[in-house]
Every structure is written in C-alpha cells, then in structure tokens.
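Step one of this worksheet: look at the structure below.
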Amino acid sequence: MQLNYRKLKKIFEDRGITSYTFKKNNVISQGTWVKIKEEKYIDLKSVEALCRYLEVQPGDILEFIPEDE
C-alpha cells in the first residue's frame, strides 16, 4: 500500500501554505511536514488536523495507490 500526497501538496501550493504556516498555527509538526514532502506515512491524528485546518475531507488530500499483486 502506498499513499500519495499530490492533492495535499497542490492545496499547499494553491493556498500559499508553507511549513511556517503550520508551525505558526500549531496544526502539524515540522516532522510531519517533512514526511508529507518525502511521501512517507503520516498518522491519522495529523490527517485529522490537516482536514480540520484546510476544511477538506481525507479523500481531498490523500490518494491510495494499491501495490501490484
């Protein structure tokens, strides 16, 4: 299983959101920001915080990519 954050990164770009934005507003940690940038797993607490702050649903920011079987 792999998650893709393209949609989330596009929202960041469109809204001019930077790591400083999240740090200033205490939304997610700098470590979580780095994980998103590096396409690594983030926990559901972070997903919830992002959805709440951005006023979106999880499907608006994440894309599930099944592994080849």
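What you see is a predicted model; the values in this text were computed from it and never measured.
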Discussion item. Salt bridge or not between Glu39 and Lys9? Use side-chain N to carboxylate O under 4.0 Å.
Written reply: yes
Practice prompt. Count the heavy atoms of every other residue, nucleotide or ligand shown that sit under 6.0 Å from CG of Asn26, and state whether that count exceeds 12.
Written response: no
Worksheet item: How long is the gap from CG on Leu62 to OH on Tyr5, to the nearest 0.5 Å?
Response: 6.0 Å
Worksheet item: Would you say Val34 and Tyr41 are hydrophobically clustered, going by side-chain heavy atoms of ILVMFWY under 4.5 Å?
Response: no
Fill in: Sidechain N-carboxylate O distance under 4.0 Å for Arg52, Glu48
yes
Worksheet item: At their closest point, which heavy atom of Ala49 faces which heavy atom of Val27, and how far apart are they?
Response: CB-O, 3.5 Å
Worksheet item: Could you give the distance from CG (Leu54) to CZ (Arg15), rounded to the nearest 0.5 Å?
Response: 5.0 Å
Worksheet item: Within the distance-only criterion (no hydrogens, no angle test), does the side chain of Asn25 pair as donor or acceptor with the backbone N or O of Thr21 below 3.5 angstrom?
Response: yes
Item to complete: Please determine if Glu63 and Lys7 form a salt bridge, counting it only when a charged side-chain N lies under 4.0 Å from a carboxylate O.
Response: no
Worksheet entry | Between Phe12 and Trp33, ring centroids under 6.0 Å | yes
Worksheet item: Just one of Val47, Ile36, Ile42 clears the side chain to side chain contact (heavy atoms under 4.5 Å, CB included) bar with Ile28, so which one?
Response: Ile36
Discussion item. Rounded at 0.5 Å granularity, tell me how far CZ in Arg6 sits from CD1 in Ile11.
Written reply: 13.5 Å
Worksheet item: For the atom pair OG1 (Thr32) and NZ (Lys40), what is the distance rounded to the nearest 0.5 Å?
Response: 12.5 Å
Response to the item:
When rounded to the nearest 0.5 Å, the distance separating SG of Cys51 from CD of Gln57 is 6.5 Å
Worksheet item: Atom CG of Leu50 and atom CD1 of Ile61: how far apart are they, to the nearest 0.5 Å?
Response: 5.0 Å
